[in-house]
Amino acid sequence: MLSLAVRILTNPFILISLFITTIISIISWACKPTLVPKEIPWVGKPRSRIFPRTTASLLCFFNVRKIFDEGYRKYSQYGKAYIYPSYSGPPEVIIPRCDLPWLLDQPETVVSSEALQRDLMEGQYAFTDPQLLQFPFHSHILVRYLTRRVACLLPDIWDELQHAISTTWGFNNVEWRDICVWDNMMSIIASTSNRMFVGKPLCRNEDYLSNAIAFANDVTLSVTALSLVPSFLKPLLGPLITLPNHYHYHRTARHTLPIIKDRLMHMRRKQFDPTYKWTEPNDYITWHIQQAMSENIGEELDPIRIARRLMPINFAAIHTTALTITNAIFDIFSGPNASFVVESLREEAERVYAECNGHWTKDAAAKLLRLDSALRESMRLSGFLTRSVFRKVVSPDGLTHPREGWTIPQGAWVAVDVISTHHDDSIYDFAGGYDPFRFSRPREEALSTTSSASNTPPPSTPQDSTCDSASDKDEVLWLKNQGMVSTSDTFLGFGAGRHSCPGRFFVAHELKMLLVYILINYDIEPMAQRPSNMWFGTNILPDMKATIRVRRRKGASPEDV
């Protein structure tokens with residue numbers, strides 16, 4: 001991906017085009033009316049230059065971290081909103097976390113997550129068909145089916161993880177082997193996620209997976225490029241910039257269309273003849289067809305539409321999950337305490353795996369408190385998000401703040417600063433350090449206390465049961481909210497509210513089981529220093545060239561993969 005970007009940026013034609021586009025963009029931005037209230041202060045806006053708003057937008061690409069730090073320190077901490085001068089869209093109103101409940105309570109007719117995603121992800125061009133994000137039927141499917149089906153998907157996830165890791169890390173290697181973490185995790189996550197999307201054997205087809213991964217990379221590059229193109233030029237440049245997206249989609253469609261057509265034939269036959277002996281696979285293709293049939297949505301039964309729907313869910317599943325697990329591996333296996341951390345996680349992994357006899361269930365996975373905490377803590381400290389709970393104001397009347405009185409007009413973007421919240425020392429002790437058991441310690445202590453109390457006779461004097469009950473409920477709720485998939489105003493890795501990431505339960509199980517398999521079956525040589533993350537505009541990226549050294553552990557289980 002990096003080499004492709006270098007080739008593009010060194011092409012003389014591209015350079016001249018970018019220069020002309022930049023000049024046009026400056027003029028366009030300078031003349032465009034601002035979509036934010038005058039009462040809200042700007043951060044990063046110079047006072048003495050010509051076109052200060054346009055200058056701030058152009059320069060903020062290189063000052064993102066500084067701008068968010070300043071805005072949080074001056075305004076967010078005191079319950080005030082501020083304006084982030086985005087380089088890739090309209091200026092964003094960054095609200096403090098105390099206003100999060102207010103934002104989440106707004107109806108879809110006032111602020112919209114889907115409209116924001118269409119703008120942010122260049123939905124008109126990046127996913128091969130504008131209808132995909134205009135009418136996100138695939139998101140509806142995932143919300144309706146994925147969380148409910150996680151339990152029965154666990155055996156397939158485990159089987160695919162065993163195969164994907166063993167075939168790339170080595171099945172019998174006793175010598176150290178170098179693994180590029182980012183490339184390897186992209187491959188493992190792609191095959192495991194597609195076990196749920198398209199099933200076996202396609203999830204192991206190298207041509208299909210390589211093009212699905214390439215499409216995910218295409219989206220990232222094309223969205224970045226299109227964010228710098230003025231709106232009036234996008235109809236001309238959008239189709240050209242996204243040519244690779246279409247190419248890699250068509251390469252995947254050669255594999256998916258025959259499966260989809262065959263599935264449609266069987267499911268239609270069974271729909272009209274319930275005695276037809278055929279069992280549908282438990283994957284996205286089946287869920288999509290079932291829901292489209294039940295809602296009688298003819299266009300969603302078009303095989304090409306279904307094949308295209310697989311692309312945005314592949315992008316979301318592969319890219320974000322690979323970023324999360326790459327950061328987690330760097331955090332867990334680096335630093336002076338890495339050996340202790342790994343042994344603590346390994347003890348838990350081996351114990352829980354033995355207790356469930358190698359047959360994963362949701363209850364068994366829920367016992368992986370330390371692994372859950374290590375992943376959540378990595379998302380907090382090393383997450384790739386800078387803002388979360390993104391919304392676009394869609395009401396013609398705008399969005400009015402009940403306390404301060406300002407009104408954000410239609411078309412403006414609103415968000416919460418997640419990077420500063422996650423690094424706030426007033427919220428998290430030693431917020432700048434990686435504490436893998438930050439969230440598991442209180443949960444393990446509570447379990448230990450409960451276990452001890454169960455062996456203690458009840459008190460001989462009456463207690464205030466109402467007070468104790470309320471206190472116990474608050475404690476249970478607080479402990480539950482320490483889990484990886486839980487969202488709150490202080491942990492926004494998966495968003496918040498009704499538009500929280502619908503795949504987070506699947507992802508949590510996938511990543512915990514991935515780490516269990518690695519810990520039980522492999523040694524990883526600790527890294528003396530964690531590879532540094534890089535800021536690229538508002539994106540925080542792990543070192544994509546960093547490697548780890550791995551080898552199969554002596555006595556590792558000889559599964560047939």
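Atoms considered below: every heavy atom in the structure, side chains included; atoms not considered: hydrogens, waters and symmetry mates.
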N-O pairing of K512 and D372 below 4.0 Å: yes
Residues R308, D302: salt bridge by 4.0 Å N-O rule: no
Centroid separation H288 to F137 less than 6.0 Å: yes
Lys/Arg-Asp/Glu bridge criterion (N-O < 4.0 Å) met for R391, D119: no
Residue pair S388 / L492: nearest heavy atoms and the distance that separates them: OG-O, 3.1 Å
Separation of Y353 OH from K367 NZ (nearest 0.5 Å): 15.0 Å
Over all atoms of both residues, closest heavy-atom pair of L100 and S488: CD2-O, 4.5 Å
Distance-only donor-acceptor check, side chains E377 and H422, under 3.5 Å: no
Sub-4.5 Å side-chain heavy-atom contact between L301 and I297: no
Step-by-step side-chain contact (heavy atoms from CB on, under 4.5 Å) determination, I189 to L514: CA-CA 9 Å; I189 297 303; L514 184 155; 4.1 Å; yes
Aromatic ring proximity, centroids under 6.0 angstrom, W413 and Y84: no
Any Q131 side-chain heavy atom under 4.5 Å of E299 side chain: no
R195/D159 salt bridge by N-O under 4.0 Å criterion: yes
Residue pair A253 / P258: nearest heavy atoms and the distance that separates them: O-CD, 4.0 Å
Q117, E114, E108 screened by side-chain hydrogen bond (donor to acceptor under 3.5 Å, both in side chains) with H499, the one that passes: E108
Note, W182 side chain near S187 side chain (heavy atom, < 4.5 Å): no
Plane angle bin for Y284 and W287 - parallel if under 30°, tilted between 30 and 60°, otherwise perpendicular: perpendicular
Aromatic ring pairing F315/F127, orientation class (parallel under 30°, perpendicular over 60°, tilted between): perpendicular
Validation row, ring centre W169 to ring centre H163 under 6.0 Å: no
S378 side chain to A328 backbone, donor-acceptor under 3.5 Å: yes
Between T168 and N184, a side-chain donor and acceptor under 3.5 Å: yes
Side-chain donor-acceptor contact under 3.5 Å, Y208 with N194: yes
Donor-acceptor contact below 3.5 Å, side chain D273 vs main chain R269: no
Nearest heavy atoms of Q410 and P396, plus distance in Å: OE1-CA, 3.8 Å
Donor on one side chain, acceptor on other, T490 and R97, under 3.5 Å: no
No-hydrogen, no-angle side-chain donor-acceptor test under 3.5 Å, Q124 and R118: no
Student check: side-chain heavy atoms of S382 and N533 closer than 4.5 Å: yes
pair L541-W535: side-chain heavy atoms closer than 4.5 Å: no
Under-4.0 Å salt bridge between K200 and D156: no
Ring centers of W102, H401 separated by less than 6.0 Å: yes
R387/E92 ion pair, N-O < 4.0 Å: yes
Check: Y276/Q271 side-chain N/O donor and acceptor closer than 3.5 Å: no
Distance (rounded to the nearest 0.5 Å) between I241 CD1 and S222 OG: 8.0 Å
Ion pair K270/E280, N-O distance below 4.0 Å: yes
pair E160-C203: side-chain heavy atoms closer than 4.5 Å: yes
Heavy-atom check, side chain of V110 versus side chain of P107, under 4.5 Å: yes
Verdict with supporting geometry, I157 and T192, side-chain contact (heavy atoms from CB on, under 4.5 Å): CA-CA 6 Å; I157 297 173; T192 308; 3.9 Å; yes
Any F505 side-chain heavy atom under 4.5 Å of L146 side chain: no
S191 (side chain) donor-acceptor with I188 (main chain) under 3.5 angstrom: yes
Point-to-point distance, once rounded to the nearest 0.5 Å, from CD1 of I306 to CD1 of I285: 7.5 Å
Under 3.5 Å: donor-acceptor pair, side chain of R443, backbone of F439: no
I40 versus I83, closest heavy-atom pair with distance: O-CD1, 3.5 Å
Rounded distance [0.5 Å steps], CE in M265 versus CZ in R268: 11.0 Å
Shortest non-hydrogen contact between K362 and L154, atoms and distance: N-CD1, 3.6 Å
L243, CG atom: more than 12 neighbouring heavy atoms under 6.0 Å: yes
